[in-house]
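To start, the structure under review is shown below, and the notes come after it.
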Amino acid sequence: MRKREDALLKRDNLTDAEDTSTKLNIFKSLKKSRTWRRFRRHKLALVGATFLLVLILIAIFAPLIAPYDPYAIDLSAYRNPPSYAHWLGTDTAGRDVLSRLIYASRVSLLVGLGAVSIYVIIGTILGAISGYYGGWVDHIIMRIADAVLCFPLFVIILVAVTIVGPSLYNIILALGVLWWPGISRIVRGEFLSLREREFVEAAKATGEHSISIIFRYILPNVVAPIIVAATFGMASAILAEAGLSFLGLGVQPPTPSWGNMLIDAQSLTILKSMPWLWIPPGAMILITVLSINFVGDGLRDAFDVRGRAE
Amino acid sequence: MGAYIIRRLLIGLVVLFFVTVILFILMNLMPGDPITAYIPPEVLAQAGPEYIEIRREQLGLNKPVVVRYFIWLNELVHGNMGYSVQNGEPVLSRIKERIGATFELTGTALLLAIIIGIPIGIISAVKQYSIVDSLVTLFSFTGVSIPVFFLGLGLIYVFSLRLNLLPTGGLATIGAPPSLLDKLSHLIMPAFVLSVANLAQFARYTRSSILDELGQDYVRTARAKGVKELRVLFYHILRNGMIPLITVIALQIPLLFGGAVITEQVFSWPGMGRLALEAIMQRDYPLLMGITTVIAILVLIANLLADILYAVVDPRIRYQ
């Protein structure tokens with residue numbers, strides 16, 4: 001019994017010391033580590049993670065779960081209120097709202113994952129270069145980042161999407177290409193302090209190539225803040241897509257997206273007398289984004305990432 | 001100090017230059033030949049290619065993109081943003097018509113966010129782990145997670161359509177004599193909707209900022225000296241804890257303009273955000289270019305003011 005406790009203690013200490021080691025294997029330590037135990041303690045994050053898991057399953061198995069074809073127009077069932085046949089009623093074209101809601105989860109998850117993957121890669125590479133090399137390279141990258149950051153990104157994405165044409169993939173691309181400055185600043189900050197550490201010096205002394213030092217030695221230590229920022233980023237990307245689609249500049253009907261399902265609610269008659277058309281998609285956006293933010297908060301606590309609410 | 005301001009100003013100008021270059025490139029990537037916007041369709045259908053070439057030359061559209069950019073920049077410096085494609089009106093005057101409404105909306109929203117967000121952040125920090133704190137935390141998570149348009153529609157549904165308390169949109173009641181009460185009743189919902197995300201951010205930031213300060217040595221010293229708790233909070237902690245908030249507020253301003261586009265659409269608020277949407281729908285590129293440039297300038301000015309304020313408030317900042 002005693003021995004087991006000692007071993008546990010030792011392991012925890014090792015986890016603590018990990019950020020000074022040359023490599024941090026996040027996935028190995030995640031399983032039983034202090035990180036997982038801390039995350040588990042964050043009740044809201046657990047609830048959020050569970051919801052997201054269910055949502056991902058719904059998105060994957062949408063064709064099996066959806067009671068109707070989300071594109072099937074039935075003019076005899078025009079704007080029907082919720083009933084046993086249509087749990088959430090039907091929309092202006094007589095399509096089943098529940099089925100459309102289920103299919104639309106695919107759009108939101110794709111935008112979240114797609115856009116964030118793109119900008120995390122861009123932001124990480126630029127931030128790493130900026131922080132590791134410093135000097136004029138750093139100056140140029142950071143000034144460009146400033147220019148992008150000080151700009152109302154939603155407005156420029158609006159313009160960009162208008163130019164390339166509104167579609168799911170163009171939104172992912174526009175968000176992905178424009179949203180890197182936040183991540184690159186975080187990565188740069190971490191690199192600035194990590195590059196002075198002994199293990200980097202040791203790697204240099206053994207003749208390691210710069211690229212190898214950046215990606216194999218320093219980057220693994222920056223994974224935690226990147227994961228946290230990427231999680232919050234996913235929430236913002238989903239909100240941005242919903243906003244664009246609501247304005248008619250995002251995912252185009254008949255493809256269902258939670259944002260474009262609310263377009264009809266701009267008419268006051270629908271808003272007033274047909275709440276089943278707009279409350280469910282709006283609530284889905286809110287719950288999904290809220291869940292992601294809870295998970296992000298839980299991860300921040302679990303990884304013990306410095307920095308305040310952004 | 002003077003050198004510091006000039007330095008920040010120069011950096012701002014460089015950033016603005018980058019922004020206009022990016023915008024100009026984007027506008028030139030837009031589909032369609034811009035010449036079609038300047039010749040009425042019936043004339044275009046009859047006119048021979050020579051006529052179109054002459055017009056193209058008159059309008060300067062045959063010049064390379066780089067040359068056109070500098071012509072545009074030169075005109076911009078002289079206060080000319082070009083002419084709206086829809087009705088030939090100067091872009092600047094169309095923006096002037098709308099900018100007031102947007103200022104009213106974003107200004108009120110920012111003010112609401114500051115005067116509500118900061119106090120609830122302070123209460124939440126002082127009463128850490130209390131029910132109030134949990135509620136504030138839950139509220140701020142919801143605030144940053146709720147889509148602006150959903151919140152807007154929800155409020156219209158409750159307060160305008162169900163309770164009949166507030167108007168559904170617009171600047172003021174049409175035909176009614178202008179009064180402050182009428183104006184406020186139109187302003188309160190959109191301003192609140194636009195402020196919610198910022199309000200939540202400010203509350204969260206204030207909370208964590210004050211919690212950080214509470215653990216500092218100078219707080220213990222002040223308490224040990226027998227300084228009253230309220231004085232410690234307002235005189236010692238707030239002074240230090242609020243300084244970084246200036247930067248946070250400045251960083252939220254671009255988001256405010258983005259949110260204004262959606263809020264103005266939901267509440268039929270005749271501001272720049274709706275003008276931008278109209279410009280997009282009508283493919284009025286000169287107008288769109290003008291609006292985005294004006295927004296960029298406003299954001300840069302806000303950042304500049306924040307930088308200066310920061311340096312004034314915190315003497316520890318060295319003006320490098």
Side-chain angles (χ1 to χ4, degrees), chain A residues 44 48 143-144 146-165 232 235-236 238-240 242-244 246-249 258-259 262-263 265-266 268-269 271-273 275 278-279 281-294 297 307-310, chain B residues 11-12 14-16 18-19 22-23 26-27 29-31 138 140-142 144-151 153-154 156-157 160-162 168 201 204-205 207-209 212 244 251 253-262 265-266 273 276-277 280-281 283 288 291-292 295-296 299-300 302-303:
Chain A
L44 288 173
R143 281 300 84 74
I144 296 174
D146 281 349
V148 181
L149 263 184
C150 88
F151 206 81
L153 271 180
F154 189 76
V155 177
I156 200 146
I157 286 168
L158 220 65
V159 175
V161 168
T162 319
I163 294 164
V164 290
F232 286 121
S236 317
I238 290 176
L239 276 181
L244 286 170
F246 173 74
L247 293 173
L249 296 166
W258 291 334
L262 272 114
I263 292 178
Q266 287 185 57
L268 290 182
T269 29
L271 187 64
K272 185 170 185 182
S273 51
W278 60 273
I279 291 180
M284 283 308 287
I285 303 170
L286 171 61
I287 298 170
T288 306
V289 174
L290 198 58
S291 300
I292 297 175
N293 280 332
F294 283 152
D297 200 52
R308 296 168 172 151
E310 281 180 273
Chain B
I11 292 177
V14 171
V15 171
L16 186 64
F18 272 125
V19 168
I22 294 169
L23 279 174
L26 278 177
M27 295 295 158
L29 288 174
M30 289 244 186
L138 198 66
S140 40
F141 268 109
T142 315
V144 293
S145 305
I146 196 164
V148 171
F149 53 90
F150 183 53
L151 180 64
L153 291 173
I156 292 178
Y157 180 73
S160 308
L161 300 177
R162 289 280 156 223
T168 56
Q201 294 278 30
R204 264 168 86 180
Y205 193 87
R207 178 180 180 273
S208 64
S209 177
D212 276 1
L251 280 176
I253 288 176
L255 296 180
L256 213 54
F257 282 105
V261 177
I262 300 177
Q265 177 69 11
V266 170
L277 283 179
I280 287 173
M281 300 297 175
R283 309 223 155 243
L288 194 55
I291 295 169
T292 32
I295 294 179
V299 170
L300 278 169
N303 284 341

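Letters A, B, ... are given to chains in the order of the sequence lines, protein chains preceding strands, and every chain is numbered from 1.
Residues M281(B) and L247(A) approach most closely at CE-O, 3.9 Å, considering heavy atoms. When all heavy atoms of I262(B) and G243(A) are compared, the closest pair comes out as CD1-CA, 3.8 Å. Considering all non-hydrogen atoms of both residues, P275(A) and Y157(B) come closest at CG-OH, 4.1 Å.
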Review point. Passes side-chain contact (heavy atoms from CB on, under 4.5 Å), T292(B) versus I156(A)? Steps please.
Key: CA-CA 8 Å; T292(B) 32; I156(A) 200 146; over 6 Å; no

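Considering only residues two or more places apart in sequence or on other chains, F149(B) meets the ring-ring contact (aromatic ring centres under 6.0 Å, His included) condition with F246(A). Scanning for ring-ring contact (aromatic ring centres under 6.0 Å, His included) contacts around F294(A) gives F141(B), with sequence neighbours left out.
Among the candidates I156(B), I291(B), V148(B), I280(B), the residue making the largest number of heavy-atom pairs closer than 4.5 Å to chain A is I280(B). The residue among A160(A), A240(A), A283(A), G165(A) with the most heavy atom pairs within less than 4.5 Å of chain B is A283(A). Counting heavy-atom pairs under 4.5 Å between each of V261(B), V144(B), I146(B) and chain A puts I146(B) at the top.
Between F257(B) and F154(A) the shortest side-chain heavy-atom distance does not fall below 4.5 Å. L277(B) places a side-chain heavy atom less than 4.5 Å from the side chain of L249(A).
Of the atoms belonging to W258(A), not a single heavy atom falls under 4.5 Å from chain B. Using a 4.5 Å cut-off between heavy atoms, I292(A) does not touch chain B at all. Proximity to chain B involves both the backbone and the side chain of A242(A), based on heavy atoms less than 4.5 angstrom apart. Neither the backbone nor the side chain of L255(B) comes within contact range of chain A, judged by heavy atoms closer than 4.5 Å. P281(A) does not touch chain B: none of its heavy atoms, backbone or side chain, sits under 4.5 Å away.
The distance from the CG atom of L239(A) to the OG atom of S145(B) is 7.0 Å, given to the nearest 0.5 Å. Here L271(A) contributes atom CG and L153(B) contributes atom CG; the two are 5.5 Å apart, rounded to the nearest 0.5 Å. Distance check: N293(A) CG to T142(B) OG1 gives 9.5 Å after rounding to the nearest 0.5 Å. One distance of note links CG of L44(A) with CG of L138(B); it measures 7.0 Å at 0.5 Å rounding. The CG atom of D297(A) sits 6.0 Å away from the CZ atom of R204(B) when rounded to the nearest 0.5 Å.
Between the side chain of R162(B) and the main chain of K272(A), a donor-acceptor pair closer than 3.5 Å is present.
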